[in-house]
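Input: a single structure, listed below in structure tokens.
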Number of protein chains: 2
Amino acid sequence: MLTIGNLGKKTGTKVQTIRYYEQIGLMPEPGRTEGGQRRYGDADVDRLSFIRHARQLGFPLEAIRELLDLSDNPDRSCHEADSIARRQLKQVELRMDRLKALRTELKRMIHECSGGNTADCKVLEVLRDHSECLTDHDEIGA
Amino acid sequence: MLTIGNLGKKTGTKVQTIRYYEQIGLMPEPGRTEGGQRRYGDADVDRLSFIRHARQLGFPLEAIRELLDLSDNPDRSCHEADSIARRQLKQVELRMDRLKALRTELKRMIHECSGGNTADCKVLEVLRDHSECLTDHDEIGA
DNA sequence: TGTAAATGTTCTAGTAGCTAGAGGTTCAAG
DNA sequence: CTTGAACCTCTAGCTACTAGAACATTTACA
């Protein structure tokens with residue numbers, strides 16, 4: 001039986017985060033000692049590892065909830081899990097595209113920096129002048 | 001003189017967002033009509049465009065605050081603006097590297113999906129088994 | 001001039017995914 | 001039996017907005 005701190009160490013998760021997952025129903029309520037402290041078993045280690053791994057892959061908690069659900073019901077179709085993963089991949093590729101554009105523009109800004117005073121600073125100029133900017137108006141996101 | 005809605009349209013910013021920027025001191029308090037409605041001028045359009053453009057480039061609001069500060073004081077060194085941009089570029093490249101790794105793993109997951117039931121779903125299996133995962137424990141970030 | 005629709009106002013609370021701190025309790029080692 | 005680390009709950013904070021309630025103003029048209 002593991003304390004919450006040891007579970008955290010095993011899975012690379014902060015204690016607060018584990019309690020948070022419990023609060024939002026992603027982790028089940030664990031058993032408690034007489035004094036009221038949480039104690040965890042192997043199943044909890046597995047589940048939390050799953051969650052953390054999925055988080056590292058960028059899955060939002062809601063997607064992880066679905067995936068855990070699928071995982072708990074081994075008879076259901078694999079297609080659902082597959083489509084969640086595909087959705088995630090799309091998100092990742094979208095973000096990459098955006099970052100690529102940003103990098104280009106940032107590099108241009110930095111490359112053209114004259115090193116004088118801000119009056120003729122290219123960085124500020126580029127930011128001031130929207131016209132050369134190719135990115136569109138709506139979403140920003142990371 | 002523009003209403004807040006028209007300023008929003010001009011700059012691709014939601015009305016609420018403009019008020020939020022005012023609240024946190026990124027936009028100055030504008031003049032008001034007798035009835036108390038905000039009215040904006042050209043300087044406001046410029047400033048807000050600057051902010052939005054910087055946001056699209058991924059600058060956090062605090063960095064934008066610094067940049068605006070520099071912009072307001074044209075005598076100060078361009079180096080500061082440059083270093084903010086460089087810092088930002090580093091962030092962008094870091095995020096890109098991480099996304100690249102994620103994409104690889106996601107693709108692998110999806111590629112191996114058997115299409116059967118979840119019991120032998122590769123997506124879930126990969127998530128369940130952390131051992132093949134190369135990503136490290138600490139940061140997740142987008 | 002009257003009125004209705006569109007747009008404006010403030011205020012509060014919610015989003016994701018945690019993180020940090022206060023103030024107190026329990027556990028394990030020595 | 002004491003000490004100190006680790007636990008407990010609860011609340012609030014973070015970024016950058018977004019949404020909604022309840023009400024006021026502005027504008028266009030009849």
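Letters A, B, ... are given to chains in the order of the sequence lines, protein chains preceding strands, and every chain is numbered from 1.
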Of the nucleotides dC18(C), dG8(C), dC17(D), which has the atom closest to the Tyr21(B) side chain? dC17(D)

Among dG8(C), dC17(D), dT9(D), the one nearest any side-chain atom of Thr17(B) is dC17(D)

What about Glu62(A): does its side chain form a donor-acceptor pair under 3.5 Å with the base of dA16(C)? no

What's the closest nucleotide to the Thr33(B) side chain, out of dT26(D), dC17(D), dG17(C)? dT26(D)

By the 4.0 Å heavy-atom rule, please label Ile24(B) as base, sugar-phosphate, or nothing. nothing

Regarding Glu93(A) and Lys90(A), does a basic nitrogen lie under 4.0 Å from an acidic carboxylate oxygen? no

Which nucleotide, dT18(D), dT19(C), dT10(C), lies nearest any side-chain atom of Tyr20(B)? dT18(D)

From the candidates dG17(C), dT18(D), dC17(D), the one with an atom nearest any side-chain atom of Lys14(B) is dT18(D)

For DNA chain C, which residues of residues 36-45 of chain B approach it to below 4.0 angstrom with any heavy atom? Gly36(B), Gln37(B), Arg38(B)

Checking Tyr21(B) against Arg52(B): is there a side-chain donor and acceptor pair closer than 3.5 Å? yes

Side chain to side chain donor-acceptor pair (under 3.5 Å) contacts in which one or both residues fall within residues 35-44 of chain A, not counting sequence neighbours: Glu22(A)-Arg38(A), Gln37(A)-Arg39(A)

Treat each ILVMFWY residue as a node, draw an edge where side-chain heavy atoms are under 4.5 Å apart, and state whether Met1(A) and Val45(A) are in one component. no

Tell me which nucleotide among dG17(C), dC8(D), dC17(D) gets nearest to the side chain of Leu61(A). dG17(C)

